[in-house]
Amino acid sequence: MNRKYRKTIIAGNWKMNKTASETVAFANEIKPLLPKTRACEAVLCVPALNITTAQKALKGCRISVGAQTLHYEKSGAFTGEISADMLDDLGVKYVIIGHSERREYYGETDATVNRKVLAALAAGLTPIVCVGESLDQRMLGVEKELLAYQLMTAISGVSAEDMKRIVIAYEPVWAIGTGKTATSEQAQEVCEHIRACIRKKYDARIARGVSILYGGSMNVKNAAELLKMPDIDGGLIGGASLKPADFAQLIEISAQVENE
Ligand code: 13P
């Protein structure tokens, strides 16, 4: 991380976990465990149905509540979908876009990810754009080309001014929910490459201001090592964000690494 130029973000992705009452129980449990001073930007992306419950339950504890996806159209006949304006109206700031599970199970493509990014930006939201290679792609050694393509498509048509509001999450698909973490060197190499791609498209000033997160089996044991890397500015955390003690500790760890 490099706190001089960019925000450190510890973001939880709850995926399809926790009912409304479990969300309240989580909030009550985590509140006394959180650092007293502002540590980093802490975000929990909860199921859309529980956003308001989470906001109320987490009030006053400096964790902002985000969403996990949105639709790219402003409104209309899209049963079951959620628009950027709906999220903005609830006071949501962060929204995950293009998570590999959305790509795999719900047919999201690089092109729809791009439309979603543009819709989120137009509504004033901050997209957390996910990119990542599969195991096969890594074995073939094409991950850098693939990531450059995913990234450039996702941010196609994004102005330099808007790029400052985007967060990128590098999530190697083979590391998600598998307990296999990328080594800090592997993750750093890719995050550095992502920053270089942003530099090439915009300039060095824009690139150094973009927070790039790592995601994939990040936990209290491996977080410090990953966060110490110069181009890793935080984490997008699945499983470990469901446990109040672990999520609080991850926030604490990021503060410790920042202060080193
Ligand atoms: P895990 O931390 O459970 O591997 O999930 C990572 C992830 O997909 C976050 O978006």
Side-chain angles (χ1 to χ4, degrees), residues 8-18 22-23 26 30 40-48 50-51 54 63-70 87 92-106 108 113 116-117 120 125-135 137-138 143 146-147 150-151 154 166-184 186-187 190-191 194 211-227 229 232-254:
T8 305
I9 303 170
I10 294 293
N13 175 9
W14 275 7
K15 311 189 179 184
M16 194 174 72
N17 288 294
K18 294 199 192 289
E22 286 165 350
T23 302
F26 175 98
I30 200 168
C40 61
E41 183 93 346
V43 186
L44 276 176
C45 297
V46 306
N50 294 331
I51 287 174
I63 295 180
S64 89
V65 178
Q68 299 174 10
T69 184
L70 47 62
L87 295 175
V92 164
K93 177 175 173 194
Y94 291 98
V95 55
I96 298 172
I97 295 181
H99 191 280
S100 61
E101 287 149 19
R102 302 280 326 164
R103 294 176 191 253
E104 187 179 347
Y105 306 130
Y106 305 101
E108 286 195 15
V113 168
K116 289 179 179 215
V117 167
L125 303 174
T126 297
I128 302 177
V129 183
C130 300
V131 291
E133 81 284 4
S134 67
L135 189 55
Q137 289 158 340
R138 181 163 274 267
E143 69 275 10
L146 178 97
L147 287 158
Q150 279 184 357
L151 176 69
I166 291 187
V167 175
I168 307 292
Y170 167 53
E171 297 208 313
V173 178
W174 48 272
I176 296 176
T178 57
K180 270 190 218 144
T181 324
T183 64
S184 44
Q186 278 173 328
V190 172
C191 291
I194 289 172
S211 297
I212 303 176
L213 318 183
Y214 167 77
S217 300
M218 194 171 187
N219 57 40
V220 293
K221 290 205 182 86
N222 57 30
E225 211 187 308
L226 287 158
L227 295 173
M229 292 291 156
I232 302 178
D233 308 307
L236 184 55
I237 299 134
S241 74
L242 295 167
K243 301 176 205 146
D246 286 20
F247 194 62
Q249 209 180 325
L250 285 163
I251 296 171
E252 181 70 47
I253 291 168
S254 85

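Counting starts at 1 for both ligands and their atoms, in listed order.
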Check your understanding: Got a sec, which residues hit salt bridge (Lys or Arg N to Asp or Glu O under 4.0 Å) with Arg138, two or more places apart in sequence or on another chain?
Key ->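 In terms of salt bridge (Lys or Arg N to Asp or Glu O under 4.0 Å), with neighbours along the sequence ignored, Arg138 is linked to Glu133, Glu143.
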
Review point. Partners of Lys15 by salt bridge (Lys or Arg N to Asp or Glu O under 4.0 Å), sequence neighbours excluded?
Key: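 With neighbours one apart ignored, the set is Glu101.
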
Practice item. Can you measure from CD1 (Ile194) to CG (Leu151) and round to the nearest 0.5 angstrom? Key: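 Taking CD1 in Ile194 and CG in Leu151, the distance rounds to 6.5 Å.
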
Check your understanding: Is the closest side-chain donor-acceptor distance between Asn222 and Thr181 under 3.5 Å?
Key ->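 Indeed, the side chains of Asn222 and Thr181 share at least one donor-acceptor pair under 3.5 Å.
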
Check your understanding: Just checking, is any N or O donor in the side chain of Gln68 or His99 under 3.5 Å from an acceptor N or O on the other one?
Key ->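 On atom types as modelled, these side chains do not qualify, holding no pair under 3.5 Å.
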
What does the N/O contact table under 3.5 Å look like for ligand 1?
from	atom 1	to	atom 2	distance (Å)
ligand 1	2 (O)	Ser217	N	3.4
ligand 1	2 (O)	Gly238	N	2.9
ligand 1	3 (O)	Gly239	N	2.9
ligand 1	4 (O)	Gly177	N	2.6
ligand 1	4 (O)	Ser217	N	2.8
ligand 1	5 (O)	Lys15	NZ	3.3
ligand 1	8 (O)	Lys15	NZ	2.8
ligand 1	8 (O)	His99	NE2	2.8
ligand 1	8 (O)	Glu171	OE1	3.4
ligand 1	10 (O)	Asn13	ND2	3.0
ligand 1	10 (O)	His99	NE2	2.9
ligand 1	10 (O)	Glu171	OE1	3.2
ligand 1	10 (O)	Glu171	OE2	2.8

Check your understanding: Residues in ring pair (Phe, Tyr, Trp, His ring centres under 6.0 Å) with Phe26, at least two apart?
Key ->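 Testing Phe26 for ring pair (Phe, Tyr, Trp, His ring centres under 6.0 Å), a comparison that skips the adjacent residues, returns Trp14.
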
